[in-house]
Amino acid sequence: MASAPSTPKGTRDFNAADLAKRRYVVDLLRQAFELHGFGPLETPSFENLDTLMGKYGEEGDRLIFKILKSGNFLEAVAEGAAPKASQIADKALRYDLTVPFARYVAQNHGKLALPFKRYQIQPVWRADRPQKGRFREFYQCDADVVGSRSLYQEVELVDLYSYAFDRLDLPVEIRLNHRALLAALARRFGFGAALVDFTVAVDKLDKIGVEGVLKELREKGADESHVGALEDWLSVPRSTQESLQYLEHLVGDDPEGLQGLTEIRFVLDRVSRPDAVVLDLTLARGLNYYTGAIFEVRALGVALGSVGGGGRYDDLTSIFGVKGVSGIGISFGLDRIVLCLEELNAFPSTLQSAPQILALHPENAAAADALYAAVRAWRAAGISAEFYPDAAATKKQYAWAEQRGITWVVQRIEGDEVFIKNTLNGEVISCNKTDYEALNKLFN
RNA sequence: GUGGUUGUAGCUCAGUCGGUUAGAGCGCCGGAUUGUGGUUCCGGAGGUCGCGGGUUCGAGCCCCGUCUUCCACCCCA
């Protein structure tokens with residue numbers, strides 16, 4: 001073991017047990033998406049660099065994995081000069097699923113029946129520094145609809161969130177905000193020209209507290225005349241209803257603010273699970289293509305950042321030359337959802353990652369053949385069964401079963417009678433080898 | 001991208017001030033016992049101390065680089 005091999009930084013392998021959990025989540029999400037009228041789409045792992053660059057802000061651009069050109073690309077670089085990124089890379093791994101989707105819509109806009117709804121479950125890559133729950137390769141599960149400005153889309157996607165997390169048995173809080181409200185607040189507090197500075201600072205309220213936010217806002221040039229009002233806004237925790245009332249008098253006759261307020265009210269009045277939804281005026285979200293409602297989902301009882309996010313983007317396809325196609329979408333973070341469910345022990349105990357039953361290898365050759373035939377018959381009946389191939393020490397065979405997580409072990413066969421041991425409690429039962437009903441009963 | 005942290009047997013970890021042949025528990029392999037594993041006993045294998053340089057008479061230990069882990073920023077799922 002001079003040099004143990006490893007996966008690259010921020011990536012991992014998934015074994016059978018991992019995959020059983022991941023597939024459980026993915027299958028549930030896929031069902032939820034299709035139940036709500038979304039159809040599947042897959043796009044390539046990598047896109048042209050131009051497609052991705054400039055869509056995620058400066059910070060995002062830096063985290064895009066660029067793919068080195070093949071061939072002798074360095075010839076074009078002047079002697080002794082440092083090559084420019086565009087000279088050595090013209091493709092990049094996708095950074096999220098939304099921008100490739102916008103590219104797809106723009107590329108096919110004449111052929112798609114609008115409004116167009118699709119879901120997409122694929123990995124994305126970010127050249128980030130890994131931490132707990134942060135990887136450089138991770139899965140997003142997105143549902144988007146383009147070509148409809150209807151606020152019923154907002155309602156429907158919030159409902160999709162609550163439906164899916166309900167099915168997953170993961171308690172969450174769906175936080176809701178609106179870019180127009182943020183903009184109105186920023187104007188009210190003198191940050192009209194520095195919306196991003198304002199939202200970035202305010203978004204950290206949970207993390208650095210009122211003092212921290214005020215400090216950062218001062219550094220970004222907050223006018224002292226607004227600090228008192230800012231402090232009042234930030235230090236009082238408000239329910240959704242209280243936030244709405246507060247907004248009403250704060251926004252005044254700011255037309256954009258009033259518009260945002262009307263839209264948020266429309267959505268809040270119609271979501272199916274209002275108890276799981278909270279209006280959070282400090283929620284900002286970094287991706288700068290959002291223009292309307294924005295969402296973020298936090299798992300309750302787990303400190304792991306957000307497990308999902310999304311929002312409305314009015315202008316994304318216009319970057320690709322197709323104007324007037326408003327879109328809205330949400331994303332589920334598969335990897336974090338799995339981590340949360342693990343931490344909360346919320347996976348169903350019936351998840352299957354190993355054969356249901358293992359037949360120990362009998363010492364007697366005739367019995368071995370008989371038992372092997374039984375295993376074959378079980379497989380034909382849809383029972384995942386395994387036959388230990390060698391007449392190894394009993395101890396070794398049991399250890400193998402345990403390591404693979406196999407609960408039921410066939411000790412021996414006598415005529416048509418098999419003796420099955422539950423390795424968890426040592427109980428032995430016997431049953432007829434063709435009594436599939438009894439066998440299947442064991443596994444549930 | 002910034003600052004820090006981690007790496008010793010399959011696993012969890014000791015290893016003093018730089019000093020001889022690198023340690024434990026569990027696991028693994030073999031044998032005996034146990035009348036179909038899990039008990040007990042005996043024996044055994046397995047490590048160029050993440051990798052590459054350097055300092056030193058001598059490096060697991062000190063220095064530099066690199067990879068990896070985790071953490072705080074930044075940002076985000």
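Below, chain A is the first sequence line, B the second, and so on; all start at residue 1.
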Measure CD/Glu58(A) against C1'/C74(B) and give the value in whole Å, please. 12 Å
G1(B) to U66(B) separation - P atoms, rounded to the nearest Å: 12 Å
Any base atoms under 4.0 Å from Gly10(A), or only sugar-phosphate, or nothing? Heavy atoms, all strands. sugar-phosphate
What pairs with Phe14(A) under ring pair (Phe, Tyr, Trp, His ring centres under 6.0 Å), at least two apart in sequence or on another chain? none
Just to verify, which of Arg62(A), Arg136(A), Arg134(A) counts as forming a salt bridge (charged side-chain N to carboxylate O under 4.0 Å, His left out) with Asp128(A)? Arg134(A)
Taking Lys204(A) first and then Glu216(A), would you say they form a salt bridge - that is, a charged N and a carboxylate O separated by under 4.0 Å? yes
Phe135(A) CZ - C76(B) P separation (whole Å): 18 Å
Has the side chain of Arg134(A) got a donor or acceptor atom sitting under 3.5 Å from an opposite partner on the base of C75(B)? yes
Aromatic centroids of Phe191(A) and His226(A) separated by under 6.0 Å: no
Under 3.5 Å between N/O atoms: give me all the protein pairs with nucleotides 36-42 of chain B, atom names plus distance.
unit_1, atom_1, unit_2, atom_2, d
G37(B), N7, Lys421(A), NZ, 3.3
G37(B), N1, Glu402(A), OE2, 3.2
G37(B), N2, Glu402(A), OE1, 3.2
G37(B), N2, Glu402(A), OE2, 2.8
G38(B), O6, Lys421(A), NZ, 3.4

Under 4.0 Å between any heavy atoms, over every strand shown, what does Ser306(A) touch: base, sugar-phosphate, or nothing? Just pick one. sugar-phosphate
Decide yes or no for Thr98(A) and Tyr313(A): does some side-chain heavy atom of the first lie under 4.5 Å from some side-chain heavy atom of the second? yes
Kindly say whether, by distance alone, the side chain of Arg129(A) makes a donor-acceptor pair under 3.5 Å with the base of U2(B)? yes
Could you work out the separation of G43(B) and U36(B) based on their P atoms and round it to a whole Å? 28 Å
Cation-pi check for Phe38(A) against Arg118(A): NZ or CZ below 6.0 Å from the six-membered ring centre and within 45 degrees of the axis, yes or no? no
CH2 of Trp125(A) versus C1' of C75(B): gap in Å, rounded? 20 Å
For Val124(A), answer base if it contacts any base atom (sugar-phosphate contacts may also be present), sugar-phosphate if it contacts only those atoms, and nothing otherwise; contact means non-hydrogen atoms under 4.0 Å. nothing
Between Asp18(A), Thr7(A), Asp335(A), which is the residue that forms a side chain to side chain donor-acceptor pair (under 3.5 Å) with Arg12(A)? Asp335(A)
Base-paired stems that RNA chain B participates in, counting runs of 3 or more Watson-Crick or G-U pairs under 3.5 Å: B:1-4 with B:70-73, B:10-13 with B:23-26, B:28-32 with B:40-44, B:50-54 with B:62-66
Modelled atom types, side-chain donor and acceptor of Asp315(A) and Ser318(A), under 3.5 Å: yes
So what does Gln131(A) touch, heavy atoms closer than 4.0 Å: a base, only the sugar-phosphate, or nothing? base
How would you label the contact of Lys207(A) with the nucleic acid (heavy atoms, under 4.0 Å): base, sugar-phosphate, or nothing? base
What interatomic distance, in whole Å, is found between P of C74(B) and the corresponding atom of U56(B)? 45 Å
